[in-house]
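Read the structure below first, then the notes.
Given the structure is predicted, the values throughout are model-derived calculations rather than measurements.
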Amino acid sequence: VFLDRDGVLNEKMPEGCYVTSWDGFSVLPGVPEAIARLNRAGLRVIVVSNQRGVALGLYTAADVDAIHAAFQRQLKEAGARVDAFFVCPHDAGQCNCRKPLPGLFDQAAARFPAITASSSVMIGDSLVDMEFGRRLGMTTILIDAKPEDPRPGNESARELADLCFTSLSAAVTTLL
């Protein structure tokens, strides 16, 4: 199961703002329990996240690693874990790892050779996440936490998504 980070695992910042430290990383309700349920089901859990703020100089790759380490510690308290984090620190047009391009999937498949796109699920909160999953042939699940307050691209994201839920917890319940 591939998970986007911001908007799926933690509260998404307003457009143009970034989570730069653990203090700004607000885990969404039910996330640790949902990940624990995926772990207990024997599913590999991989986070794939565009982190453009690194390219903009707003924070460093080490800051991102520190956030993920603190999140792992919180997950461990709930009996959960993320198997790996793959991050694109680039701006648009600089790489092949910025979603919706396939580079983050390729990195995951290189580390975990048993992974196939056709047997994977992409759970994200944006059009880019749905395009990433679709291009690779994954099942796509959109987390649309505020359907009454649509973000740009959400209508297109809903059209690309195989399923749509308001939380990771609800998505995992159906997935399992």
- Query: Only one of Val172, Leu38, Leu168 clears side-chain contact (heavy atoms from CB on, under 4.5 Å) with Val1; which?
  - Reply: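 Among the candidates, only Leu38 passes.
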How would you list, by chain and number, every residue that makes a side-chain contact (heavy atoms from CB on, under 4.5 Å) with [X], sequence neighbours excluded?
X      : value
Ala78  : Pro32
Asn96  : Asp106
Thr116 : Ser118, Ser119
Ala117 : Phe105, Leu136, Met138

| said: Contact between Arg37 and Thr173 at the side-chain level, heavy atoms closer than 4.5 Å - yes or no? | reply: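 Yes, at least one pair of side-chain atoms sits under 4.5 Å.
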Mind listing the side-chain donor-acceptor pairs of residues 42-61 below 3.5 Å, one per line with the distance, residues two or more places apart or on another chain?
residue : atom : partner : partner atom : Å
Ser49   : OG   : Gln51   : NE2          : 2.7
Asn50   : OD1  : Lys99   : N            : 2.9
Asn50   : ND2  : Lys99   : O            : 3.2
Gln51   : OE1  : Tyr59   : OH           : 2.6
Gln51   : NE2  : Asp6    : OD2          : 3.4
Arg52   : NE   : Asp91   : OD1          : 2.6
Arg52   : NH1  : Tyr18   : OH           : 3.3
Tyr59   : OH   : Gly53   : N            : 3.4
Thr60   : OG1  : Ala62   : N            : 3.3
Thr60   : OG1  : Asp63   : N            : 3.0
Thr60   : OG1  : Asp63   : OD2          : 3.2

Within [range] or reaching into it, pairs that qualify as salt bridge (Lys or Arg N to Asp or Glu O under 4.0 Å) - sequence neighbours excluded:
range            : value
residues 162-176 : Arg134-Asp162
residues 109-118 : none
residues 13-36   : none

Query raised in the report: Residues two or more places apart in sequence or in another chain: which of them pass salt bridge (Lys or Arg N to Asp or Glu O under 4.0 Å) with Asp125?
Result: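 Lys12, Arg151.
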Count the heavy atoms of every other residue, nucleotide or ligand shown that sit under 6.0 Å from CD of Gln72, and state whether that count exceeds 12.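 Yes - once you tally the heavy atoms of other residues, nucleotides and ligands closer than 6.0 Å, there are more than 12.
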Item to check | Non-neighbouring partners of Phe165 that pass ring-ring contact (aromatic ring centres under 6.0 Å, His included), sequence neighbours left out | outcome: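 Residues passing ring-ring contact (aromatic ring centres under 6.0 Å, His included) with Phe165: none at all.
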Return the set of residues passing ring-ring contact (aromatic ring centres under 6.0 Å, His included) with His90 (not counting sequence neighbours), or none when no residue passes.
->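 ring-ring contact (aromatic ring centres under 6.0 Å, His included) check on His90 returns nothing, list empty.
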Using a side-chain heavy atom cutoff under 4.5 Å and only I, L, V, M, F, W and Y, what cluster partners does Leu101 have?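 Result for Leu101 is none, singleton.
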